[in-house]
**Q** 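Okay, here's the structure, questions in a sec.
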Amino acid sequence: MHTDEVYFRDTAHGLLSWAVATLVTAAILLGVVSSAVGAATQASATLASGAAVAGTAAAASAGRVGADGTGPTAYLVDSLFRKEPSTSAPAPVADSAASDAVRLPLAEVTRIFVNASGAASLPPQDLRYLGQMVSQRTGLQPADAERRVADTYAALQTSMTNAKTAAAEAADKARKAGIQASLWLFIALLSGAFAASFTATIGGRERDA
């Protein structure tokens, strides 16, 4: 047989061996990844179900006490009704601090903020309404109360914008990491094919020697 044909057949044999080994490895990895994804999906479904139940319970509790006490807006909404140390606020409805906290319309304020979410500022009617509410609770002047409401809403929008920016940056990093991983995987596969073909020709020389 001609030397060139022997070299070609040995090279093809090495390339075929690499392809079979790659397919077997891919099948094994696919099975492992499928099992991991299935387990992760089941865990996510369980967590989502638990979160839904917890969210329903929290919503029911919020309907009873007038505040959910959690979420990204909770702290900002609470800050609306802080009484300044130098402010002579009106006497609370009840002597108990817990009863006074229960009567704070935190859930209503949260719903107003969420409804206006994304807008540059609160609608004028909502701003006036919340300003009157904060003024009655804290003893601030109506203008100061409206300014506090506007500042709190602006802080909420800034927080949401920062969260979206962080999420976009994380997604961009993940995309770049995926591109780099794909590139290196291609280089590894190409190197494997070359090594398999080259070593097959070496084996062919040893066979014919």
Side-chain angles (χ1 to χ4, degrees), residues 1-62 68-77 107 110-111 113-120 153-209:
M1 188 178 294
H2 197 276
T3 305
D4 292 339
E5 186 175 354
V6 173
Y7 182 80
F8 173 78
R9 289 188 177 186
D10 290 339
T11 303
H13 182 268
L15 187 62
L16 182 62
S17 300
W18 166 83
V20 172
T22 301
L23 289 176
V24 172
T25 304
I28 295 174
L29 290 179
L30 183 61
V32 174
V33 171
S34 298
S35 300
V37 170
T41 302
Q42 184 177 2
S44 299
T46 303
L47 290 175
S49 177
V53 173
T56 303
S61 177
D68 55 8
T70 58
T73 62
Y75 173 79
L76 293 174
V77 173
T110 302
R111 287 192 295 269
F113 278 1
V114 171
N115 180 68
S117 179
Y153 179 77
L156 175 62
Q157 296 306 303
T158 300
S159 176
M160 294 177 63
T161 301
N162 293 338
K164 291 179 181 179
T165 301
E169 291 178 353
D172 186 61
K173 289 180 180 179
R175 179 181 61 83
K176 292 180 179 178
I179 293 175
Q180 292 179 355
S182 300
L183 178 61
W184 283 111
L185 179 61
F186 171 76
I187 293 175
L189 290 175
L190 189 62
S191 301
F194 174 78
S197 301
F198 181 69
T199 52
T201 59
I202 296 177
R205 293 195 196 102
E206 294 293 333
R207 178 198 61 215
D208 298 335

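By convention here, the first residue in the shown sequence is residue 1.
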**Q** Over all heavy atoms of both residues, which pair between Gly14 and Ala196 is shortest? Give the atoms and the distance, please.
**A** O-CB, 3.4 Å
**Q** Is Lys173 paired with Glu169 through a side-chain N to carboxylate O contact shorter than 4.0 Å?
**A** no
**Q** What is the distance from atom CG of Leu15 to atom CZ of Phe194, rounded to the nearest 0.5 Å?
**A** 12.0 Å
**Q** When rounded to the nearest 0.5 angstrom, what is the spacing between CG in Leu156 and OG1 in Thr161?
**A** 9.0 Å
**Q** Is any side-chain heavy atom of Leu189 closer than 4.5 Å to a side-chain heavy atom of Phe186?
**A** no
**Q** Check for a donor-acceptor pair, side chain of Asn162 on one end and backbone N or O of Thr158 on the other, with a separation under 3.5 Å.
**A** yes
**Q** Is the backbone N or O of Gly178 less than 3.5 Å from a side-chain atom of Ser182, with the two atoms forming a donor-acceptor pair by type?
**A** yes
**Q** I need the minimum non-hydrogen distance between Ala200 and Asp10, along with the two atoms involved.
**A** CB-O, 3.1 Å
**Q** How far does NE2 of His13 sit from OG1 of Thr199, to the nearest 0.5 angstrom?
**A** 10.5 Å
**Q** Drop me the distance from Lys176's NZ to Gln180's CD, to the nearest 0.5 angstrom.
**A** 9.0 Å
**Q** Output yes when a side-chain donor or acceptor of Thr201 lies under 3.5 Å from a complementary backbone atom of Phe198, and no otherwise.
**A** yes
